[in-house]
Amino acid sequence: MNKLSIRTICFVGMFTAITSVLSILQIPTPWGVPFTLQTFAMALAGYVLGKVYGTASSALYVLIGLIGVPVYAGMSAGPGVLAGATGGYLWGFIIMTFLCGIAAEQKNDTKGNILKVVISLLGLTACHIPGIIQLKFVAGMTFGQAALVGSVPYLAKDIISMIIAYVIAVAVTKALRSANIMDWNNTAHA
């Protein structure tokens with residue numbers, strides 16, 4: 001097992017902080033599920049930090065909010081948010097970040113690029129499904145209603161967020177590698 005460096009711990013913390021700041025910013029909607037930049041932040045963490053450290057960053061974000069630090073959408077926090085109507089998306093973000101990390105590890109050839117897109121879309125799906133399920137049960141909706149309220153209006157924004165996160169991750173990863181700063185094993189963009 002590799003020794004975890006201070007630099008890697010700092011990057012995990014930094015991406016947790018980035019996610020926290022981008023999650024606080026929100027645009028309310030009449031149907032109750034706000035627009036945020038959480039998807040962008042989680043995807044960016046996965047693409048830059050990889051499946052292990054990106055997932056650690058996402059899990060740390062969820063844990064910090066769970067213990068009461070107001071880092072969730074609209075500066076909310078606590079177990080009530082995780083158990084509430086939108087809590088399933090928070091759990092789903094951890095899976096999404098893991099899959100974005102796997103996507104980032106794929107080679108930069110035709111097959112690898114196709115895998116990157118497919119795995120990233122699976123990650124987005126893995127985020128939306130627990131969100132829809134929890135929204136359905138907490139809000140007393142049908143699955144169709146929960147999908148129409150909690151998923152469909154966000155799909156275009158989330159796909160664009162993931163594309164932008166990937167493009168930024170390529171640049172960030174190249175810069176970190178050229179400065180010899182990146183010391184975790186993420187073969188993305190090699």
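These figures come from a predicted structure and were not determined experimentally. Values below: all heavy atoms of this structure, side chains included; hydrogens, waters and symmetry mates excluded.
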Query raised in the report: Do Q134 side-chain atoms and G88 backbone N/O form a donor-acceptor pair below 3.5 Å?
Result: yes
Report task. State the CD-NZ distance between Q106 and K116, to the nearest 0.5 angstrom. Result -> 8.0 Å
**Report entry** Candidate pair Q38 and L90, rule side chain to side chain contact (heavy atoms under 4.5 Å, CB included), full reasoning
**Finding:** CA-CA 9 Å; Q38 288 169 305; L90 292 168; 3.7 Å; yes
Report task. Kindly compute the distance separating CD1 (I133) from CH2 (W91), expressed to the nearest 0.5 Å. Result -> 14.5 Å
**Report entry** Distance-minimising heavy-atom pair for Y154 and H128
**Finding:** CB-CE1, 4.2 Å
**Report entry** Test ring-ring contact (aromatic ring centres under 6.0 Å, His included) applied to Y72 - qualifying residues, sequence neighbours left out
**Finding:** Y61
Report task. Give a yes or no on whether the backbone of A73 and the side-chain of S76 come within a donor-acceptor separation of less than 3.5 Å. Result -> yes
Query raised in the report: Would L25 and T36 count as a side chain to side chain contact (heavy atoms under 4.5 Å, CB included) if you check the C-alpha gap in whole Å, the side-chain angles of each, and the deciding distance to 0.1 Å?
Result: CA-CA 6 Å; L25 306 172; T36 70; over 6 Å; no
Query raised in the report: So, do V62 and I94 sit near enough that their side-chain heavy atoms are less than 4.5 Å apart?
Result: yes
Query raised in the report: Considering only heavy atoms from C-beta outward, does the side chain of T16 approach that of I64 to under 4.5 Å?
Result: yes
Report task. Compute whether any side-chain donor of one residue and acceptor of the other, for K107 and N113, lie under 3.5 angstrom apart. Result -> no
Query raised in the report: Shared ILVMFWY cluster between F137 and I129, side chains joined below 4.5 angstrom?
Result: yes
Report summary line: To the nearest 0.5 Å, atom OG1 of T55 lies from atom CZ of F93 at 13.5 Å
**Report entry** Closest contact, heavy atoms only, T97 versus S58
**Finding:** OG1-OG, 2.6 Å
Query raised in the report: Would Y47 and S120 satisfy side chain to side chain donor-acceptor pair (under 3.5 Å), going step by step from the backbone distance to the final call?
Result: CA-CA 10 Å; Y47 291 140; S120 293; 2.6 Å; yes
**Report entry** Aromatic ring proximity, centroids under 6.0 angstrom, Y53 and F11
**Finding:** no
Query raised in the report: Do T125 and M96 touch side chain to side chain, with heavy atoms closer than 4.5 Å?
Result: no
Query raised in the report: Heavy atoms, side chains only, cut-off 4.5 Å: are I160 and F40 in contact?
Result: no
**Report entry** Any I181 side-chain heavy atom under 4.5 Å of R7 side chain
**Finding:** yes
**Report entry** Heavy-atom neighbours of D109 CG exceed 12 at 6.0 Å
**Finding:** yes
Query raised in the report: Atom CD1 of I9 and atom CD1 of I6: how far apart are they, to the nearest 0.5 Å?
Result: 4.5 Å
**Report entry** Nearest heavy atoms of G92 and P130, plus distance in Å
**Finding:** CA-CG, 3.9 Å
Query raised in the report: To the nearest 0.5 Å, what is the distance between CD1 (I119) and NZ (K51)?
Result: 10.0 Å
**Report entry** Within-4.5 Å side-chain heavy-atom neighbours: T39 and K157
**Finding:** yes
Query raised in the report: With distance as the sole criterion, is a donor-acceptor pair present between the side chains of T8 and S5 under 3.5 Å?
Result: yes
Report summary line: Closest non-hydrogen contact found for G54 with L49 is N-CB, 3.4 Å
Query raised in the report: In Å and rounded to the nearest 0.5 Å, what is the CZ to OG distance from F35 to S161?
Result: 10.5 Å
Query raised in the report: Quick one: does Q145's side chain have a donor or acceptor within less than 3.5 Å of a partner on T142's backbone?
Result: yes
**Report entry** Min side-chain heavy-atom separation C100-M42 under 4.5 Å
**Finding:** no
Requested in this report: Dump the intermediate steps for side chain to side chain contact (heavy atoms under 4.5 Å, CB included) on V48 and L176, then the final yes or no.
Outcome: CA-CA 10 Å; V48 173; L176 292 173; 4.3 Å; yes
Query raised in the report: Side-chain contact, heavy-atom cut-off 4.5 Å: Q26 with L37?
Result: no
Query raised in the report: Within the side chain of Y166, is there an N or O that forms a donor-acceptor pair under 3.5 Å with the backbone of V117?
Result: no
Report task. Kindly give the heavy-atom pair with the smallest separation between L22 and A41, and that separation in Å. Result -> CD1-CB, 4.0 Å
Query raised in the report: Checking side chain to side chain contact (heavy atoms under 4.5 Å, CB included) for the pair V12/S57: CA distance, chi angles, key distance, verdict?
Result: CA-CA 5 Å; V12 169; S57 173; 4.1 Å; yes
Requested in this report: Taking all heavy atoms of A126 and all of L99, pick out the closest pair and write down the distance.
Outcome: CB-CD1, 4.1 Å
Query raised in the report: Partners of S20 by side-chain hydrogen bond (donor to acceptor under 3.5 Å, both in side chains), sequence neighbours excluded?
Result: none
